[in-house]
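The structure appears right after this line, and notes come after that.
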Amino acid sequence: MWVNPIFIGPSMSCKKDKVQYYDQLDAGIAEMEEVVERIRTEINELMEMKKALNQLNGLLKKELKELLDPLPY
């Protein structure tokens, strides 16, 4: 089993290393949360664009159908 040498022994530098490790871990978690939030925002924007494109597609299909239908007279 591998043991991280930073956590071996009760020295003061060990405590400093632990604090530094957890500070870095917290910073990494915060950064990942920011990335996840940006991705969620981007997904929402893309979903809105998809909805708008689907509506436009429906309108274009309707207009094309009206143009291709024979005239009533």
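Owing to the predicted nature of the structure, the values given are computational and were not obtained by experimental measurement.
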Return each pair, listed once, that meets salt bridge (charged side-chain N to carboxylate O under 4.0 Å, His left out) where at least one residue sits in residues 23-39; pairs must be two or more places apart or across chains.
-> E37-R40
Rounded to the nearest 0.5 angstrom, the CG-CG distance for L60 and L67 is 10.5 Å
Heavy atoms, side chains only, cut-off 4.5 Å: are K51 and N54 in contact?
-> no
Answer yes or no: is there a side-chain heavy-atom contact under 4.5 Å between L53 and N57?
-> no
Should V19 and L25 be regarded as members of a common hydrophobic cluster, given that ILVMFWY residues are connected when their side-chain heavy atoms come within less than 4.5 Å of each other, either directly or indirectly?
-> no
Treating Ile, Leu, Val, Met, Phe, Trp and Tyr as nodes and any side-chain heavy-atom pair under 4.5 angstrom as an edge, say whether L64 and L56 lie in one connected cluster.
-> no
Quickly, which of L46, I39, N44 forms a side-chain contact (heavy atoms from CB on, under 4.5 Å) with E42? Name it, please.
-> L46
Around atom CD of E63, are there more than 12 heavy atoms of other residues, nucleotides or ligands at under 6.0 Å?
-> no
Side chain to side chain contact (heavy atoms under 4.5 Å, CB included) between K65 and K61: does it pass, once the steps are laid out?
-> CA-CA 6 Å; K65 183 179 177 186; K61 283 182 181 180; over 6 Å; no
